[in-house]
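Letters A, B, ... are given to chains in the order of the sequence lines, protein chains preceding strands, and every chain is numbered from 1. Bear in mind that the values here come from a model prediction, so they are computed numbers and not experimental data.
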Amino acid sequence: MSRRVGVVRFPGTNCEFDTVDAINALGGHAEVLWHSASDLRNVDAIVLPGGFAHGDYLRCGAIARFSPIMETIAAFARNGGPVLGICNGFQVLTEAGMLPGALQKNVGLKFLCGMEQIEFVSTSNIIGVGASAGELLNIPINHFEGNYVCSDETLKELEEENRIVFRYIDNPNGSIGDIAGVSNEQGNVVGMMPHPERATSTILGSNDGSRLLESLLGAQQVTPT
Amino acid sequence: MDRRELVRFEVKVEVLPREGIANPEGSTIERALPALGFETAGDVRVGKVIRLQVEADSAGAAKTIVEDMCKRFLSNPVIEDTTVEVLNA
């Protein structure tokens, strides 16, 4: 079992310690990696946590993409290394071109903060180990720009290649196809708007996020194609 | 050596959501306008304007530089279109 997880902190990131605590509570060993470093310190997996990287200026994730660590993470992902982007981390991954589509302002222009029910669609990825399609999870969201958009061709591709990881049961933000999370072709890069690190204790309303992080801890490096 | 003088150009970049991409801000404004009596307004889209200065040897060169910025950074081509205008051409 792995394993060392690097949790990346950009200026403006604010979920790094929740993520570190959640991973450590599950028996992993998480450490915070500063965005200007270009060395990943030999971690086995990377999490880009939630927050407001670089103040979300210009567009969410647009400036974070240029942080030196992103180039190393892109290479790590190309070699099959597991990378999970949560919320703002998902936005960073789309801006960096590591995941398709983009996240724009929620329909209704409301900042949304609350528990959402999501359905596992594809489990062929780093957070789906041991899960089965159709399973329902309760995981909170906390975002203003979580409205997933992509071209019709991309949507078709995501469906055909089974790369939609989660769908919302009751779409809160207008996302195309009720999409709450997607993966790359190999399944080693996943982005999701809901926050699994905030669903790691029944006292806090749900423990459903734990299994996703456990899956990440056990995820093997995929063989690059 | 022929050194062409660099001129400072004032450039305006307009960033708008692409055709067919939902624009929640635009549609909210569109729904509000009839309440004020503006019944004839439609297709409201909200974007942003970026003004910058760039040194180049011609207005055309300035435009090319800024269009490159748009592609690589100032806009997200998945959801946005840009129009570049050199103001003091």
Side-chain angles (χ1 to χ4, degrees), chain A residues 53-67 70-71 74 88 90-112 143-158 171-179 182 184 191, chain B residues 9-36 38 41-55 62-87:
Chain A
H54 296 274
D56 274 354
Y57 293 152
L58 190 62
R59 295 179 307 278
C60 305
I63 296 173
R65 164 163 74 105
F66 297 103
S67 281
M70 285 309 294
E71 210 168 299
N88 191 226
F90 184 12
Q91 296 163 340
V92 172
L93 289 173
T94 60
E95 281 284 344
M98 292 170 66
L99 288 174
L103 293 137
Q104 64 157 357
K105 291 192 177 82
N106 298 336
V107 157
L109 296 176
K110 277 208 180 81
F111 187 97
L112 297 169
H143 61 243
F144 188 47
E145 283 98 349
N147 180 354
Y148 185 79
V149 281
C150 62
S151 66
D152 292 344
E153 303 94 81
T154 303
L155 181 63
K156 200 165 158 240
E157 215 174 275
L158 289 173
N171 189 341
N173 54 24
S175 291
I176 191 168
D178 305 329
I179 289 173
V182 298
N184 67 345
Chain B
F9 289 97
E10 176 87 19
V11 184
K12 185 172 93 170
V13 180
E14 197 180 78
V15 185
L16 277 178
R18 292 189 72 164
E19 200 83 32
I21 295 283
N23 181 218
E25 281 168 296
S27 34
T28 303
I29 292 170
E30 193 170 320
R31 281 196 303 274
L33 284 169
L36 293 170
F38 298 105
D43 192 25
V44 181
R45 286 183 294 153
V46 176
K48 60 190 147 199
V49 169
I50 301 167
R51 286 276 286 264
L52 66 137
Q53 295 187 347
V54 62
E55 283 182 354
K63 193 174 178 195
T64 307
I65 292 169
V66 176
E67 280 173 348
D68 191 32
M69 283 180 204
C70 287
K71 246 182 262 152
R72 292 164 58 188
F73 183 39
L74 298 182
S75 76
N76 180 342
V78 177
I79 47 172
E80 294 167 331
D81 282 329
T82 52
T83 318
V84 175
E85 189 187 346
V86 180
L87 298 175

Asks: If you check every heavy atom in residues 71-81 of chain B against those of chain A, which residues fall under 4.5 Å?
Replies: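 So the qualifying residues are Arg72(B), Phe73(B), Leu74(B), Ser75(B), Asn76(B), Val78(B), Ile79(B), Glu80(B).
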Asks: Would you say the side chain of Leu16(B) lies within less than 4.5 Å of the side chain of Asn23(B), judging by non-hydrogen atoms?
Replies: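 With C-beta onward as the side chain, the pair stays apart.
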Asks: Are Cys60(A) and Leu103(A) packed together at the side-chain level, in the sense that at least one heavy-atom pair is separated by less than 4.5 angstrom?
Replies: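 Result no, sub-4.5 Å side-chain heavy-atom pair not found.
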Asks: Taking the side chain as every heavy atom from C-beta outward, state whether Val49(B) and Lys12(B) have any atom pair closer than 4.5 Å.
Replies: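 SC-SC contact between Val49(B) and Lys12(B) confirmed.
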Asks: Are side-chain heavy atoms of Glu10(B) and Gln53(B) found at a separation under 4.5 Å?
Replies: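 Side-chain contact under 4.5 Å: yes.
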Asks: Using the side chain to side chain donor-acceptor pair (under 3.5 Å) rule, pick out the option among Glu95(A), Gln91(A), Glu145(A) that qualifies with Arg59(A).
Replies: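 Answer after filtering Glu95(A), Gln91(A), Glu145(A): Glu95(A).
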Asks: With a 4.5 Å cut-off on side-chain heavy atoms, are Leu93(A) and Asn184(A) touching?
Replies: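 No, too far: nothing below the 4.5 Å cut-off.
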